[in-house]
Number of protein chains: 2
Amino acid sequence: MREPIAGETGRTLGETVTNRVRRMLVEGELIPGQRLSEAGLSEQLGISRNTLREAFRSLAHEGLVTHHPNRGVFVTTPSMASIVDIYRLRRFIECRALAEAWPGHPGARAMRAAVADAGTHRETQDWNAVGTANMAFHAAIVELADSERLNVFFRRLAAELRLAFGLIADPEMLHEPYVAMNRRVLDTLEAGRPREASELLEHYLVQSERLVLAAYTRYEEGANIASTPGMD
Amino acid sequence: MREPIAGETGRTLGETVTNRVRRMLVEGELIPGQRLSEAGLSEQLGISRNTLREAFRSLAHEGLVTHHPNRGVFVTTPSMASIVDIYRLRRFIECRALAEAWPGHPGARAMRAAVADAGTHRETQDWNAVGTANMAFHAAIVELADSERLNVFFRRLAAELRLAFGLIADPEMLHEPYVAMNRRVLDTLEAGRPREASELLEHYLVQSERLVLAAYTRYEEGANIASTPGMD
DNA sequence: CACGCCTTTATTGTTCAACAATAAAGGAGA
DNA sequence: TCTCCTTTATTGTTGAACAATAAAGGCGTG
């Protein structure tokens, strides 16, 4: 048996590979539009084509990767439409979950932990880690709604959004402002004013969407996104 | 090459199989708790184990099937908790989508078509078809929110719920009353009162949940659900 | 009889090698 | 320059093989 993939968990090798490739995608190690060759990647990871294929189907289901039959699997290129769609859903889900939240809910504890985390990483200027912590904050907000299925769905949205974040040049601009904003949202919730917290959050999300779309436009001008293939 | 699977579409055999098995699940041809043997099912469908495995991963991702590593794939047994979760989400999603709807939206046309469909099938007492039409009605409501991702998510929820419907003895009781109710919701929306339509819908959903949970309890008393295995 | 331990057995997990099917790329001819 | 054909690299799919695992059954021992 070959060297197993280190540092990743999974009850089965297929799951392990899925987790590993997902991390590569979310952390920007793989570039949107890039084609993922079955032969190449399976050899690089030391696994068989069939096993990698199972992982590809999972990731395609999560939207991180796009499957073109007989052509291969490509890292999903976020479109402006997908960013708009994701933010619309975030407002739809997060704001309502927060508005009807009880401040003593376990999710609120998770929100606090995430805010603390983000603060720590901001001091070391580790913006990627700040981004992860911020996303954990929003996932915690969704937890307030007490729906397992909604949690899973939101995590999938968040991963897809991070794909788009990877296209944006300046990660500090993308994450830094929201450390303080998230703290304010949390404070308002803990002060027993969930409705007001929700309105704050909605305002921040609108602002964040605008920021991301603007950066995306600048990116689109630089690279020619139009065609997925021919991106060598 | 073997006889291809008839009557199902899919750009690739794996997709075709996924669609086929999904239909078998949703239409009650496969019973919750039942184990799906790789060897048996792949032979029955005339495909290889590897291809069936890809389909299993997709269906597991949709929640229709549960994967126990080294033990196999089982048709998901809906729990009371999952029913509650799904209905909570339905109210969360559908009511809000409807409340903020514009009556001229294409989704409204789809709602009308679904209501007509349900009426037709009611006359022939085809309750399974009525159930399908009713679900199409609710999917159309979600379309009003104009989010592709939300549509996909809801279709997945609906399929999972139909798994639970399959456990219930009397399908007429389950679907018949809602033909008229859905029509009333539609009429209210078309009369330009989306907020009122949303409140109607919420009331119906609460009622439907109660009905399903009660039937589920009766079912649970008959069969011993507790243990997934040993269900021969 | 009950309890834990070992062996057996059937099934899934994973790999490999082969071939079919397809889409992209390149070349010949008009 | 354009179209059609051929080539080529890649994915789609299969079958067989073996490893790894969990369930079932048997076997002593108390």
Side-chain angles (χ1 to χ4, degrees), chain A residues 1-6 8-21 30 33-61 65-77 226-232, chain B residues 1-6 8-21 30 33-61 65-77 226-232:
Chain A
M1 180 162 285
R2 287 230 185 65
E3 175 89 18
I5 299 178
E8 301 285 338
T9 59
R11 292 163 305 170
T12 195
L13 181 58
E15 283 182 32
T16 308
V17 171
T18 305
N19 293 335
R20 172 107 154 83
V21 178
L30 299 171
Q34 182 180 356
R35 174 163 154 270
L36 302 179
S37 147
E38 290 187 359
L41 193 53
S42 65
E43 188 180 13
Q44 179 186 332
L45 297 175
I47 59 171
S48 82
R49 263 181 74 206
N50 282 321
T51 302
L52 181 60
R53 255 160 164 276
E54 284 192 13
F56 277 172
R57 296 304 165 266
S58 283
L59 294 168
H61 228 270
V65 123
T66 305
H67 178 86
H68 295 253
N70 289 307
R71 302 216 304 116
V73 167
F74 299 79
V75 181
T76 300
T77 301
S227 57
T228 304
M231 166 120 194
D232 247 8
Chain B
M1 181 160 284
R2 286 231 186 64
E3 175 89 17
I5 299 179
E8 302 283 339
T9 59
R11 294 163 304 172
T12 195
L13 182 57
E15 282 182 32
T16 309
V17 171
T18 305
N19 293 335
R20 172 106 155 83
V21 178
L30 299 170
Q34 182 180 356
R35 174 162 154 272
L36 301 179
S37 148
E38 291 188 359
L41 193 54
S42 65
E43 188 179 12
Q44 179 187 331
L45 297 175
I47 58 169
S48 82
R49 264 181 72 207
N50 281 320
T51 303
L52 181 60
R53 255 160 164 277
E54 285 192 12
F56 277 172
R57 296 303 165 265
S58 282
L59 294 168
H61 227 270
V65 124
T66 304
H67 179 83
H68 295 256
N70 289 307
R71 301 216 306 115
V73 166
F74 300 79
V75 181
T76 300
T77 301
S227 56
T228 304
M231 164 120 196
D232 247 10

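Just so we're on the same page: letters track the sequence lines, and every chain starts at 1. Just so it is clear, the structure is predicted and the values come from calculations on it, not from any experiment.
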Which pair of heavy atoms, one from [X] and one from [Y], lies closest together, and at what distance?
X: B:Ala55; Y: B:Val17; value: CB-CG1, 3.8 Å
X: A:Val65; Y: A:Phe56; value: CG1-O, 4.1 Å
X: A:Ser37; Y: A:Gly40; value: OG-N, 2.8 Å

Between the side chains of A:Thr18 and A:Ser58, does any donor sit under 3.5 Å from an acceptor?
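Side chains of A:Thr18 and A:Ser58: no pair found under 3.5 Å.
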Check the distance between [N]'s [atom2] and [X]'s [atom1] and give it to me in whole angstrom.
X: B:Glu43; N: D:dT14; atom1: CD; atom2: P; answer: 13 Å
X: B:Ile47; N: D:dG15; atom1: CD1; atom2: P; answer: 10 Å
X: B:Arg11; N: D:dT13; atom1: CZ; atom2: P; answer: 12 Å
X: A:Asn50; N: D:dA17; atom1: CG; atom2: P; answer: 16 Å
X: A:Leu52; N: C:dT15; atom1: CG; atom2: P; answer: 10 Å

Do A:Thr12 side-chain atoms and B:Pro69 backbone N/O form a donor-acceptor pair below 3.5 Å?
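Not a single qualifying donor-acceptor pair exists.
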Can you give me the N/O atom pairs linking the protein to nucleotides 10-12 of chain D at distances under 3.5 Å, or say none if there are none?
residue, atom, partner, partner atom, Å
D:dT10, O3', A:Arg35, NH2, 2.5
D:dT11, OP1, A:Arg35, NH2, 2.9
D:dT11, OP1, A:Glu38, N, 3.3
D:dG12, OP1, A:His67, NE2, 3.1
D:dG12, OP1, A:Asn70, N, 3.3
D:dG12, OP2, A:Glu38, OE2, 3.3
D:dG12, OP2, A:Arg53, NH2, 2.3
D:dG12, O5', A:Arg53, NH2, 3.0
D:dG12, O3', B:Thr12, OG1, 3.3
D:dG12, N7, A:Arg49, NH2, 2.9
D:dG12, O6, A:Arg49, NH1, 3.4

Could you tell me whether the phosphate oxygens of C:dG13, OP1 or OP2, come under 4.0 Å of any side-chain nitrogen or oxygen in A:Thr51?
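Indeed not, no polar side-chain atom of A:Thr51 lies that close.
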All side-chain hydrogen bond (donor to acceptor under 3.5 Å, both in side chains) counterparts of B:Glu38, not counting sequence neighbours
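Partners of B:Glu38 under the side-chain hydrogen bond (donor to acceptor under 3.5 Å, both in side chains) test: B:Arg49, B:Arg53.
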Can you tell me how far CG of A:Leu13 sits from CZ of A:Arg20, rounded to the nearest 0.5 angstrom?
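Answer for the CZ-CG pair, A:Arg20 versus A:Leu13, is 12.0 Å.
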Heteroatom pairs (N/O) under 3.5 angstrom, protein to nucleotides 5-8 of chain C:
none

Verify whether the ring centers belonging to B:His68 and B:Phe74 lie closer than 6.0 Å.
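Yes, ring centres under 6.0 Å apart.
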